[in-house]
Amino acid sequence: MKKELPDWFKIKGYTHLSPTIQLSNSERIIRQIKNPNYVARYAFYPLIHKIIKERKYKQADPSKHLTVGRRHSHLCIKTKSTLKTQKERPLHYASHMDSLVYGYYAQLINERYEKILKSQSSLNDAVLAYRKIETFEGSGVGKSNIHFAKECFDVITNYNSTCEEVGVLAFDLKSFFSTLDHQILKRTWAKLLGKNELPKDHYNVFKACTKFNYVLLDDLRIGQKQLGRRNGFNESKLASIRKHKGYKCFFKDNEEFRNEIQQGHLKIYNNPFYRKIDTIDQSKFTTRKINVGIPQGLPISATLANLYLLEFDQKIIDFLAQYNGVYRRYSDDLLVICKRSDMQQIESFFYDLIEEYKITISKEKTERFVFKMVEYNFQKQTRLECFKLSLDNIEINSCLNYLGFEFRGYHTGIKSTNLAKYYRKMISSAKKKAKRAHHLHQKNESIKHVIYLNQLRKITTLPIRLQAIENIEEKNLQRKYSLLKYNKTKGFYEYVHYPPNPNKMKNRSNYHSYIRRCCTVFGTDTFNQQLKKNRVIMHKAVYYHLNKF
């Protein structure tokens, strides 16, 4: 009987600098990773770095841009060049063996971290992200951003019954992962283990997270960009390695990898995150750079981010106790609910504490809201409404944006920018289908110049739920997992597929199923009303792009 693999043993399918992990070696690998002496001497591979770009539809800034209105790009006043309004997120991911080491130590840290949180109910309620919090004890079903948002909105509504005006402060930490101070992280990590200094194995993992090296994913491609498009990888080489070596990797062995570096064909970069500090050197002020931050994308990154703010969260909760305030943190999004009269003192305390822990925050992005009961019709009926406070404390009718939802006090809806993103994706899909239909029709006129709505159904309608599969023949059709095995007759490695466990099969999901979950958790049908025009928009997009081509 096969042994159950631990939760942290998660095999990744991507191609990296080192070979992929084979399940046949799992027991040996688990023994090695659980051995502190092995990890203390373990040499980590460089990470692979890429940047994920997310397009933004932003309002023009008159002081910076020549263009007006909301756009995906604006003309810069100084350079006269086009600036794309996009958010860039640097992502670093580890090699396969390294990823397992990070995953195991993330579990060790997380077990101790969870014990501290559960020993204090207020702290346990405050920290929301990167944790599995069950909807109710023993259910095995974890809460999502939908549950967390509803709980916060309920707190605001209930808080209004105890005071006339409810104040809400929303802080956003800037470049959170890339600004963490290494000394604070090291001290907090050792304190969690009950040590003055980190043990050798933990220290080696700490060094790998803070003094990391990486290579650019684009440097592994063939040649340079052509006509603004990135080139692909050497697929014939990758296929040859899979066929004769039995694993996925950019290099056939370590010797080839080292030769590429020594010959200058592959450049190795160091941790790019730093902070400038002023020092006195021979009675003169000088500025030097010190490394900070951890890479985003490692299995241990989220755990370390929560650990870094452990004392920070505790100090905030202790301070808010005297004001009867409520604190919630979802990764780098901080939310405080209190009386309006206490907002100024709490905000000042936050800024001082953030400076103490050497994390950055944009004060101009800090949002202040007031929720209060107001009359909204001629019958003098009242309802809870939201007002945003300007820097001059002028009240502007607005809504609180939190975890993808807009809360106006009397109404909760999906964030408008998220809906716009969904509609843009829908229209983009119709455009691609129209292009393909036009291309096929040009090649063969007997093929109709049409788009079949069944091709777009997974975007516009609810997905079909996966049913439990009863017979073995149908199970074999649902191939999900694979293992590389050597085929003696053919003389090379090949994939052997295994059926997934029907008990662990997840339901297929899309934006409509997400909206349905929102309706279920909030107990309202208002979210469905926001999507009532989706079919109209889709048909208009199909008609427009078909005629355009």
Side-chain angles (χ1 to χ4, degrees), residues 10-22 42-56 84-103 106 175-180 205 207-243 245-274 291-302 304-305 428 482 484:
K10 295 178 180 177
I11 295 178
K12 308 295 184 181
Y14 51 70
T15 307
H16 211 279
L17 305 175
S18 68
T20 47
I21 300 296
Q22 296 186 19
Y42 182 75
F44 289 85
Y45 271 87
L47 309 174
I48 288 183
H49 171 54
K50 67 177 181 179
I51 295 176
I52 297 176
K53 296 179 181 180
E54 186 180 354
R55 198 170 59 163
K56 295 288 184 181
K84 291 184 178 180
T85 55
Q86 58 187 12
K87 183 178 180 181
E88 294 186 351
R89 186 162 64 94
L91 184 68
H92 300 79
Y93 55 100
S95 65
H96 301 282
M97 185 65 177
D98 296 0
S99 179
L100 295 180
V101 175
Y102 288 129
S175 304
F176 178 43
F177 284 86
S178 57
T179 57
L180 301 187
V205 176
K207 283 198 304 180
C209 295
T210 53
K211 297 180 180 179
F212 60 93
N213 299 320
Y214 66 92
V215 300
L216 298 178
L217 181 63
D218 287 344
D219 287 350
L220 298 168
R221 299 179 185 275
I222 304 172
Q224 302 297 321
K225 288 184 179 180
Q226 291 182 355
L227 301 176
R229 300 186 68 178
R230 292 178 298 186
N231 290 339
F233 304 104
N234 190 342
E235 295 297 338
S236 60
K237 178 184 176 182
L238 296 178
S240 176
I241 293 172
R242 283 197 302 270
K243 181 176 179 180
K245 294 289 184 178
Y247 50 73
K248 291 197 291 184
C249 185
F250 283 112
F251 303 98
K252 62 181 180 180
D253 50 34
N254 283 331
E255 186 178 353
E256 185 190 1
F257 174 51
R258 286 193 294 267
N259 289 338
E260 287 289 311
I261 297 170
Q262 291 170 1
Q263 293 170 11
H265 298 154
L266 186 64
K267 189 174 180 181
I268 303 292
Y269 300 86
N270 298 322
N271 179 359
F273 310 129
Y274 64 88
N291 274 123
V292 295
I294 58 175
Q296 193 171 354
L298 304 184
I300 200 173
S301 297
L304 294 183
S428 175
S482 60
L484 278 168

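Just so you know, these numbers use all the heavy atoms, side chains as well, and skip hydrogens, waters and symmetry mates. Sequence positions, counted from 1, serve as the residue numbers for this chain.
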With a 4.5 Å heavy-atom cut-off, do [X] and [Y] have their side chains touching?
X	Y	answer
Pro46	Leu17	yes
Phe251	Pro19	no
Ser301	Phe177	yes
Leu47	Leu298	yes
Leu238	Ser236	no

>> Checking Phe176 against Leu180 for the side chain to side chain contact (heavy atoms under 4.5 Å, CB included) test, could you report, in this order, the C-alpha distance in whole Å, the side-chain angles of both residues, the deciding distance, and whether it holds?
In response: CA-CA 7 Å; Phe176 178 43; Leu180 301 187; 3.4 Å; yes

Ignoring hydrogens and angles, write down the donor-acceptor pairs under 3.5 Å from the side chains of residues 258-266, residues two or more places apart or on other chains.
| from | atom 1 | to | atom 2 | distance (Å) |
| --- | --- | --- | --- | --- |
| Asn259 | ND2 | Glu255 | O | 3.2 |
| Gln263 | OE1 | His265 | ND1 | 3.4 |

> Which atom pair, heavy atoms only, marks the closest approach of Leu304 to Cys209?
Replying inline: CD1-SG, 4.1 Å

>> Give me the atom names and distance for the closest heavy-atom approach of Leu91 to His49.
In response: O-ND1, 3.2 Å

Main-chain N/O of [Y] paired to [X] side chain as donor or acceptor, under 3.5 Å:
X	Y	answer
Thr20	Tyr247	no
Asn271	Asn291	no
Asn231	Arg221	no

> Does the ring center of His92 lie less than 6.0 Å from the ring center of Phe212?
Replying inline: yes

> How about Phe233 and Phe250: are their ring centres within less than 6.0 Å of each other?
Replying inline: yes

> Roughly how far, to the nearest 0.5 Å, is the NZ atom of Lys248 from the CD1 atom of Ile21?
Replying inline: 12.5 Å

>> Rounded at 0.5 Å granularity, tell me how far CG in Asp218 sits from CD1 in Ile48.
In response: 11.0 Å

Show the atom names and distances, to 0.1 Å, of all donor-acceptor pairs under 3.5 Å that link a side chain in residues 93-101 to residues at least two apart or in another chain.
| from | atom 1 | to | atom 2 | distance (Å) |
| --- | --- | --- | --- | --- |
| Ser95 | OG | Asp98 | OD1 | 3.4 |
| Ser95 | OG | Asp98 | OD2 | 3.0 |
| His96 | NE2 | Tyr14 | O | 2.9 |
| Asp98 | OD1 | Tyr42 | OH | 2.4 |
| Asp98 | OD2 | Tyr45 | N | 2.8 |

> After noting the C-alpha distance and the side-chain angles of Val205 and Ile300, does the key distance pass the side chain to side chain contact (heavy atoms under 4.5 Å, CB included) rule?
Replying inline: CA-CA 10 Å; Val205 176; Ile300 200 173; 4.0 Å; yes

> Stepwise, does the side chain to side chain contact (heavy atoms under 4.5 Å, CB included) test hold for Lys243 with Ile241?
Replying inline: CA-CA 5 Å; Lys243 181 176 179 180; Ile241 293 172; over 6 Å; no

> What do the steps show when you test Thr15 against Leu220 for side chain to side chain contact (heavy atoms under 4.5 Å, CB included), and what is the final call?
Replying inline: CA-CA 11 Å; Thr15 307; Leu220 298 168; over 6 Å; no

> Do other residues, nucleotides or ligands put more than 12 heavy atoms under 6.0 Å from the OH atom of Tyr274?
Replying inline: no

> Stepwise, does the salt bridge (Lys or Arg N to Asp or Glu O under 4.0 Å) test hold for Lys237 with Glu256?
Replying inline: CA-CA 13 Å; Lys237 178 184 176 182; Glu256 185 190 1; 2.7 Å; yes

